[in-house]
Each structure stands twice: as structure tokens, then as C-alpha cells.
Amino acid sequence: MILATAGSWETGAVILSDVRDPRLVTVRRGGTLVDADHHLLALWAADCAEHVLHHFDAVRPDDGRPRRGIELARSWARGDVTMSDARTAGGHAMGAARDLRGAARYAAYAAGQAAVVAHVAAHELGAAAYAIKAARAAAPPGEADAAGRLECLWQRERLPTAIRELVLDDQRLRNELCWSVFDGGAQ
């Protein structure tokens, strides 16, 4: 299922760990994540996805599914829509990527991952990782690594203080599962 596994359809890799980090599980579900921080994770993931959305829009300007996913991630964080609404929008955003390649595909996946943070907070890293992959894919030949590092730095500069250490630790712990895209960014 797309929403349960944030996977890479190119490699079959899954970016969610087998063991859930209790810091990314809500208090209601037995973890330690409070709602305010869950909302911050969703907003940050939406920012990451929106930063690369232009790569999708350039290829499919009339397909609003990824943009809608980002909007509903933010709406969920404000309390304006249900988790199910955001999760559904995330699935539709990822569906927009299905027949694409490169930066446009990764940008749509980033949007979908941002929307499903409402359902599973750990998807925050999926939004960030796919955004970095989009930046790398869009870079001129020979500049992909530098573009990925710049995107990672951009993301880290926008991390709210309340969740900064959590996200940076999550990047360290799941970097290998996320195609090692977080290696190049300074903390």
C-alpha cells in the first residue's frame, strides 16, 4: 500500500523503519509525540515538498493533486481537515507521480509524503528525502550532489526549534533507508 510504505518504486526500498521510533508516534498511540510537534512536522514536510513542486508543475501544470496534498497537510496541522482527508490527498499526490520520471516524479512523491504525515509522523522524512531527490534529478550534469546538499541545507534552515533535534536525529538514524540523501547537509 502506497501510504503505509513510503517506498521507492525504482528500488523497492522502504524509508520507514521496521521498529517505530516512539518519538514519532503520538501519545494517543503509545508514543511520546505531542500534537503540537506533530503539526510542526507536517508543516515542515509541506514546506520541503512545496520548495520543489515547481518541477512537477513544469511537466503537469494542470494536475493539482500534489499541490492539494501540500495544502491539506497544512490544513490538517491547523485543524481544518481530518487526518483521513490529508491521507487521501497524499495518496492522490503520489498517484500523480506514477507515470513520470525524474524531478517531477520525486516532487509529487514529496507532496504525497507531506500529506500523509497527518497519519504517520515518520513520513516527514519521506517528504524531505524526495524533495532532495527532486533537486538532485533537476540539477545539470555533474551538479546533482551539490544540488542535494543545498536542498538539505535549505530544509534544515527551516526546521522549527521545537522539532529540530528530533528531525536531525531521525535523519541520522534513517539516512541509509532514505538513499543516504542527508549525508551532505551540515547540521
Side-chain angles (χ1 to χ4, degrees), residues 1-35 37-52 65-66 69-70 72-74 76-77 82-98 105-137 148 151-152 155-156 159-160 163-185:
M1 177 176 172
I2 285 176
L3 299 178
T5 63
S8 164
W9 289 262
E10 295 81 23
T11 65
V14 176
I15 63 171
L16 295 178
S17 301
D18 291 336
V19 177
R20 302 274 306 270
D21 184 336
R23 298 172 304 163
L24 292 168
V25 176
T26 62
V27 172
R28 283 181 298 294
R29 294 185 177 168
T32 61
L33 184 65
V34 298
D35 288 346
D37 289 347
H38 193 177
H39 296 158
L40 288 174
L41 288 168
L43 292 170
W44 177 73
D47 288 347
C48 292
E50 187 173 53
H51 193 240
V52 297
R65 291 177 291 174
I70 292 168
L72 287 190
R74 290 185 173 126
W76 172 81
T82 66
M83 176 278 294
S84 293
D85 291 338
R87 182 180 65 191
T88 298
H92 291 303
M94 287 186 266
R98 214 167 263 132
R105 179 181 182 114
Y106 298 134
Y109 283 153
Q113 291 294 302
V116 299
V117 169
H119 181 244
V120 175
H123 283 291
E124 107 288 356
L125 220 54
Y130 277 117
I132 292 169
K133 285 181 68 105
R136 287 170 129 177
E151 186 65 24
C152 187
Q155 293 173 0
R156 288 177 177 175
L159 272 169
I163 61 168
R164 182 176 182 75
E165 290 307 315
L166 172 62
V167 171
L168 293 178
D169 195 42
D170 194 25
Q171 288 179 351
R172 183 185 58 77
L173 292 171
R174 291 196 288 151
N175 187 47
E176 191 173 316
L177 292 173
C178 294
W179 315 285
S180 299
V181 298
F182 302 111
D183 281 342

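Positions are given from 1, in the same order as the sequence printed here.
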Measure the OG1-CE distance between T26 and M83 for me, rounded to the nearest 0.5 Å.
10.0 Å

Report the distance from atom CD of E124 to atom NE2 of H38, rounding to the nearest 0.5 Å.
9.5 Å

Across all chains, not counting sequence neighbours, the salt bridge (Lys or Arg N to Asp or Glu O under 4.0 Å) partners of R65 are D63

Minimal non-hydrogen separation, R74 against D47, with atom names:
NH2-OD1, 2.7 Å

For residues A127 and A114, report the shortest heavy-atom separation together with the two atoms involved.
CB-N, 3.8 Å

On a heavy-atom basis, which atom in C178 and which in A129 lie closest, and how many Å separate them?
CB-CB, 4.0 Å

I need the C48 SG to Q113 CD distance, nearest 0.5 Å.
12.0 Å

To the nearest 0.5 Å, what is the distance between CZ (F182) and CD (E151)?
10.5 Å

Taking only Lys NZ, Arg NE, NH1 and NH2, and the carboxylate oxygens of Asp or Glu, determine whether R23 and D169 approach each other closer than 4.0 Å.
yes

Under 30°, 30 to 60°, or over 60°: which ring-plane class applies to Y130 and Y106, parallel, tilted or perpendicular?
parallel

Considering only heavy atoms from C-beta outward, does the side chain of V120 approach that of R20 to under 4.5 Å?
yes

Smallest separation among heavy atoms of G69 and A89, with atom names:
CA-CB, 4.0 Å

Can you sort out the partners of D35 under salt bridge (Lys or Arg N to Asp or Glu O under 4.0 Å), two or more places apart, ordered by chain and number?
R28

Can you spot which of L24, L159, T32 makes a side chain to side chain contact (heavy atoms under 4.5 Å, CB included) with L166?
L24

Polar side-chain atom of R87 near backbone of A118 as donor-acceptor pair, under 3.5 Å
no

Taking atom OG1 of T88 and atom NE2 of H119, what is their separation to the nearest 0.5 Å?
10.0 Å

To the nearest 0.5 Å, what is the distance between CG (L125) and CD1 (I15)?
6.5 Å

If you take all heavy atoms of A122 and L16, which pair is closest and at what distance?
CB-CD2, 3.7 Å

Is there a side-chain contact between D21 and R174 (heavy atoms, below 4.5 Å)?
no

Would you mind reporting whether V167 and Q171 have side-chain heavy atoms less than 4.5 Å apart?
yes

Just jot down the side-chain contact (heavy atoms from CB on, under 4.5 Å) partners of P160, sequence neighbours excluded, or say none.
L40, W44, I163

Closest non-hydrogen atoms of S17 and L177, given as atom of the first, atom of the second and distance, are OG-CD1, 3.6 Å

